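A short worksheet on the structure shown next.
Everything numeric here is computed off the predicted structure, so don't read it as measured data.
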Amino acid sequence: MMRSNPLIAPALCVVFALTACTNADAPEPGAAAPDTPAASDAAPSAAGSAPAGGSTVSAKEVCAYLDGQLPTLKGIGSETGAMANLTVNLYSWYEKQGPVPNGRQIDDQTRQECPAIRTEVLELAGMESFERL
């Protein structure tokens with residue numbers, strides 16, 4: 001009888017989620033280069049506001065979403081599982097809102113608006129930054 005490792009499924013979720021995210025920003029073959037700077041190069045114009053060309057989600061909305069995810073992340077019980085859950089669900093949530101920001105932009109918003117929630121979410125997922133997503 002073969003025993004399964006309980007970390008395999010969450011690890012695969014992370015791999016698939018990260019693979020999907022990496023290709024999301026890749027231009028299509030033959031596509032013209034945009035004339036505007038990349039969203040990752042844009043700086044937030046003010047605390048809690050969306051960066052130019054980036055996410056249309058406010059820092060308050062991100063923090064409210066993350067706060068609502070805390071019970072789920074705590075219930076998962078493993079950093080790998082929490083990271084996989086956070087990766088998939090946060091990306092999906094952002095995608096429904098509009099453009100998906102990069103990890104640095106999420107870090108900037110959450111550091112300013114809700115540092116305690118940010119710290120708790122990142123600790124549950126075993127990360128130091130949203131850039132790891």
What heavy-atom pair brings F130 and R118 nearest, and what distance separates the two atoms?
CE1-CG, 3.9 Å

Provide the closest heavy-atom pair for L86 versus A125 in the form atom of the first, atom of the second, distance.
CD2-CB, 4.2 Å

Output for pair (K60 NZ, C114 SG), nearest 0.5 Å, gives 11.0 Å

Of the non-hydrogen atoms in S58 and Q109, which two are nearest, and what is the gap between them?
C-NE2, 3.7 Å

Are the side chains of L133 and Y91 in touch, meaning some heavy atoms are under 4.5 Å apart?
no

With rounding to the nearest 0.5 Å, note down the distance linking CG in N85 to OG1 in T80.
12.5 Å

Taking salt bridge (Lys or Arg N to Asp or Glu O under 4.0 Å) as the criterion, tell me which of E79, E123, E120 meets it with K74.
E120

With a sphere of 6.0 Å drawn around CD of E131, does it hold more than 12 non-hydrogen atoms of other residues, nucleotides or ligands?
yes

Closest approach of V57 to W93 (non-hydrogen atoms, all atoms of both residues)
CG1-CH2, 3.4 Å

State, yes or no, whether a side-chain contact exists between N89 and Q69 at a heavy-atom distance under 4.5 Å.
yes

Can a donor-acceptor pair be found, under 3.5 Å and without considering hydrogens, that links the side chain of T110 to the backbone of I117?
no

For the residue pair I106 and Y94, establish whether any side-chain heavy-atom pair is separated by less than 4.5 Å.
yes

Out of curiosity, L66 CG to L124 CG, how far, rounded to the nearest 0.5 Å?
11.0 Å

Main-chain N/O of G126 paired with R132 side-chain donor or acceptor, under 3.5 Å:
yes

